[in-house]
Peer 1: 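Pasting a structure here, questions to come.
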Amino acid sequence: MEIPDTLFYTSNHEWIRIEGDEGTIGITDYAQDQLGDIVYVELPEPGSTIVRGESFGVIESVKAVSDLFAPVSGEISERNAAAAEAPEIVNQSPYDAGWLIKVRLADSGEVGDLLDAAAYRSETAGE
């Protein structure tokens with residue numbers, strides 16, 4: 001299972017890559033593996049806001065329907081239309097082509113509450 005050291009993680013298995021005042025959000029390799037074949041992704045429109053810890057969308061696989069939870073608060077600057085049109089891309093490339101949304105951070109301090117790669121590895125090791 002891939003867990004890049006350069007990202008931050010949530011206990012709900014989302015990741016975020018911080019670049020300046022913007023974050024790119026997706027689901028982890030662990031999450032896509034647990035979900036199985038992803039068949040549908042519902043993402044918010046650019047310009048809408050998300051709140052840390054609240055649902056911002058839905059991901060559906062052949063096994064389950066799961067909410068997506070925001071690791072940070074902010075305004076959606078972009079959504080990955082390719083993932084919405086071809087959801088299997090999230091299985092194939094969860095950290096690159098399969099990203100879900102980009103958000104302008106409302107409070108960069110929220111990132112400090114997230115898990116680093118080592119903490120996320122420890123958390124998923126027992127699951």
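Side chains are part of it too, since the values below use all heavy atoms of this structure and drop only hydrogens, waters and symmetry mates.
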Peer 1: Would you call P87 and V41 a side-chain contact if the rule is heavy atoms closer than 4.5 Å?
Peer 2: yes
Peer 1: Go through the structure and list residues passing side chain to side chain contact (heavy atoms under 4.5 Å, CB included) with D116, not counting sequence neighbours.
Peer 2: A118, A119
Peer 1: Hey, what do you get for OH (Y9) to CD1 (I3), rounding to the nearest 0.5 Å?
Peer 2: 6.5 Å
Peer 1: List for me each residue that meets side chain to side chain contact (heavy atoms under 4.5 Å, CB included) alongside P71, sequence neighbours excluded, and say none if there are none.
Peer 2: T10, I16, I25, L114
Peer 1: Output yes when R52 and D107 qualify as a salt bridge under the 4.0 Å nitrogen-oxygen rule, no when they do not.
Peer 2: no
Peer 1: Should E45 and I76 count as side-chain neighbours, where that means a heavy-atom distance under 4.5 Å?
Peer 2: no
Peer 1: Between H13 and F69, is the gap from one ring center to the other below 6.0 Å?
Peer 2: no
Peer 1: Considering only heavy atoms from C-beta outward, does the side chain of T24 approach that of L100 to under 4.5 Å?
Peer 2: no
Peer 1: Roughly how far, to the nearest 0.5 Å, is CD1 of I101 from CD1 of I50?
Peer 2: 4.0 Å
Peer 1: Quick one: does I59's side chain get under 4.5 Å of D67's, heavy atoms only?
Peer 2: no
Peer 1: Could you check whether any side-chain heavy atom of I27 comes within less than 4.5 Å of a side-chain heavy atom of I38, counting everything from C-beta outward?
Peer 2: yes
Peer 1: Strictly distance-based, threshold 3.5 Å: is any side-chain N or O of Y95 a donor or acceptor partner for the main-chain N or O of E2?
Peer 2: yes
Peer 1: Considering all heavy atoms of both residues, which atom of R79 and which atom of P44 are nearest to each other, and what is their separation?
Peer 2: CD-O, 3.1 Å
Peer 1: Side chains of L115 and E123, heavy atoms from C-beta outward: is any pair under 4.5 Å?
Peer 2: yes
Peer 1: Under 4.5 Å between any side-chain heavy atoms of F56 and V51, yes or no?
Peer 2: no
Peer 1: Over all heavy atoms of both residues, which pair between S61 and L35 is shortest? Give the atoms and the distance, please.
Peer 2: OG-O, 2.7 Å
Peer 1: In Å, rounded to the nearest 0.5 Å, how long is the span from OG1 of T6 to CD of E19?
Peer 2: 9.5 Å
Peer 1: Do S48 and E75 have side chains that get closer than 4.5 Å, going by heavy atoms?
Peer 2: no
